[in-house]
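Values in this document were obtained by computation on a predicted structure and should not be read as measured data.
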Amino acid sequence: MNRAATGFNSFVYLEWRPSKLQRIHLTRVLVNFQAQCSGSGIEVLKRLKLEPLHVSALGSPEPLHVSLTRSLEFSDAMQRDRFQQSLSTRLAASQLSPIDIAFEPRFQVLDSRFKDRVFLTLPVLSSQRSHWFKFVYQVIWQSLREVWPNLNDKEIDEMLCPAESVHMSIAQTHGTRAKELAVWIQPLEPLQPLPTWNVTHLKLDKNRECIKIPLVT
């Protein structure tokens, strides 16, 4: 977008706070993935070292999320608040139902924005991406258009995360790139069952404040 950071930033996402049992299972998923890598005989996979995202380096629980927008940079706090109000109003009017988010039975690797690390992700179920998420994106897009009326459609589109690659990151690694790993991990299968979680609201970060925007009022 080539706009200087203003300090009035935000982004929209879905957040999941795994329970203790869910964190244990996520750890098993990653341990199983690491074991498949080690036993693959492929050098790039054998040296892969993952850092889980559902726990901190000190072992504290951490939330996971599905990003819906990129970082949004507002000109002032009023514009940011106007976006929040528009999104809340449009979401309530859309009558979009809560959903149990589910994931494809495969792994995906994606580079970070600054290409300094690679994320191991689970893609959201294709049927959900093409239906429920499609409507969510329409609501967010309309709210972005309302507060940025002078931008063209392409610029508004670039504020959203690509709908076709909606995912949840579960681990990260450094010292490699996604293109080096993508082909090799295709045969590797996640330990079942994959996590699923119920979404009843979107989240909007306003600097250090986290706002919940319910799907239904």
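- When the options Ile101, Val66, Val136 are evaluated for a side-chain contact (heavy atoms from CB on, under 4.5 Å) with Val199, the one that passes is Ile101.
- Residues Pro195 and Leu26 share a closest heavy-atom pair of CG-CD2, 4.2 Å.
- Scanning all heavy atoms of the two residues, the minimum distance from Pro123 to Arg106 falls at CD-O, 3.3 Å.
- You'll find the side chain of Leu72 reaches within 4.5 Å of the side chain of Leu144, heavy atoms only.
- Checked by atom type and distance alone, the side chain of Arg70 pairs as donor or acceptor with a backbone atom of Glu158 at under 3.5 Å.
- Rounded to the nearest 0.5 angstrom, Glu104 CD and Leu125 CG are separated by 5.0 Å.
- The structure places CZ of Arg90 at 5.0 Å from CD of Gln142, a figure rounded to the nearest 0.5 Å.
- Taking the side chain as every heavy atom from C-beta outward, Trp197 and Gln22 never approach each other to under 4.5 Å.
- To the nearest 0.5 Å, atoms CD1 (Ile213) and CG (Leu202) are separated by 6.0 Å.
- Considering only heavy atoms from C-beta on, Leu191 stays 4.5 Å or farther from Phe33 through its side chain.
- Taking the six-membered ring for Trp and thresholds of 30 and 60 degrees, Phe83 and Phe74 have ring planes inclined between 30 and 60 degrees apart.
- Residue pairs meeting the side-chain hydrogen bond (donor to acceptor under 3.5 Å, both in side chains) criterion with at least one partner in residues 27-43, sequence neighbours excluded, are Thr27-His54, Asn32-Gln36.
- For residues 116-136, the pairs satisfying side-chain hydrogen bond (donor to acceptor under 3.5 Å, both in side chains) are Gln108-Thr121, Ser112-Asp116, Arg117-Gln172, with sequence neighbours left out.
- When atom types are taken as modelled, the side chain of Thr69 and the backbone of Val12 share a donor-acceptor pair closer than 3.5 angstrom.
- No side-chain heavy atom of Arg23 sits under 4.5 Å from any side-chain heavy atom of Pro52.
- Side chains of Phe107 and Leu122 form a contact here, defined as non-hydrogen atoms less than 4.5 Å apart.
- Taking both residues in full, the closest heavy atoms of Gln79 and Asp76 are given as N-OD1, 2.7 Å, listed atom of the first, atom of the second, then distance.
- The two residues Leu30 and Ala171 make their nearest non-hydrogen contact at CD2-CB, 3.9 Å.
- Cluster annotation: Leu64 and Val31 are assigned to distinct hydrophobic clusters (Ile/Leu/Val/Met/Phe/Trp/Tyr, side-chain heavy-atom contacts under 4.5 Å, transitive).
- Atom CD of Gln192 has more than 12 neighbouring heavy atoms from other residues, nucleotides or ligands inside a 6.0 Å radius.
- With rounding to the nearest 0.5 angstrom, the CE atom of Met168 is 3.5 Å from the CZ atom of Phe103.
- Side-chain contact between Met159 and Trp148: present, with at least one pair of heavy atoms (C-beta onward) separated by less than 4.5 Å.
- Transitive grouping of hydrophobic side chains (ILVMFWY, heavy atoms separated by less than 4.5 Å) keeps Val147 and Met78 in distinct clusters.
- In this structure, the side chains of Cys161 and Tyr137 come closer than 4.5 Å at one or more pairs of heavy atoms.
- When the side chains of ILVMFWY residues are joined at heavy-atom separations under 4.5 Å, either directly or via intervening members, Ile170 and Ile24 end up in two distinct hydrophobic clusters.
- Here the side chain of Glu189 pairs no donor or acceptor atom with the backbone of Pro105 at under 3.5 angstrom.
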**Message:** For Gln84 and Asp81: C-alpha separation, side-chain torsions, deciding distance, then whether side-chain contact (heavy atoms from CB on, under 4.5 Å) applies.
**Reply:** CA-CA 5 Å; Gln84 178 191 339; Asp81 293 344; 4.3 Å; yes
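- Note: the hydrophobic cluster containing Leu181 also contains Leu188 (ILVMFWY, side chain heavy atoms under 4.5 Å, direct or indirect links).
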**Request:** Report the C-alpha separation of Glu73 and Asn9 in whole Å, then their side-chain angles, then the decisive distance to 0.1 Å, and conclude whether the side-chain contact (heavy atoms from CB on, under 4.5 Å) test is met.
**Result:** CA-CA 5 Å; Glu73 298 174 357; Asn9 298 339; 3.5 Å; yes
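- If you chain together hydrophobic residues whose side chains sit under 4.5 Å apart, Val166 and Leu160 fall into the same group.
- No donor-acceptor pair closer than 3.5 Å links the side chain of Asp111 to the backbone N or O of Arg177.
- Atom-to-atom distance recorded for Leu14:CG and Thr200:OG1 is 10.0 Å, nearest 0.5 angstrom.
- Here the shortest heavy-atom pairing between Leu96 and Leu215 reads O-CB, 3.5 Å.
- Trp184 CH2: 12 or fewer foreign heavy atoms inside a 6.0 Å radius.
- To the nearest 0.5 Å, atom CG of residue Leu204 and atom NE2 of residue His201 are 11.5 Å apart.
- Taking the six-membered ring where tryptophan is involved, the planes of Tyr13 and Phe11 are essentially parallel, since the angle between them stays under 30° and well short of 60°.
- Taking 4.0 Å as the cut-off between side-chain N and carboxylate O, Asp153 and Arg145 count as a salt-bridged pair.
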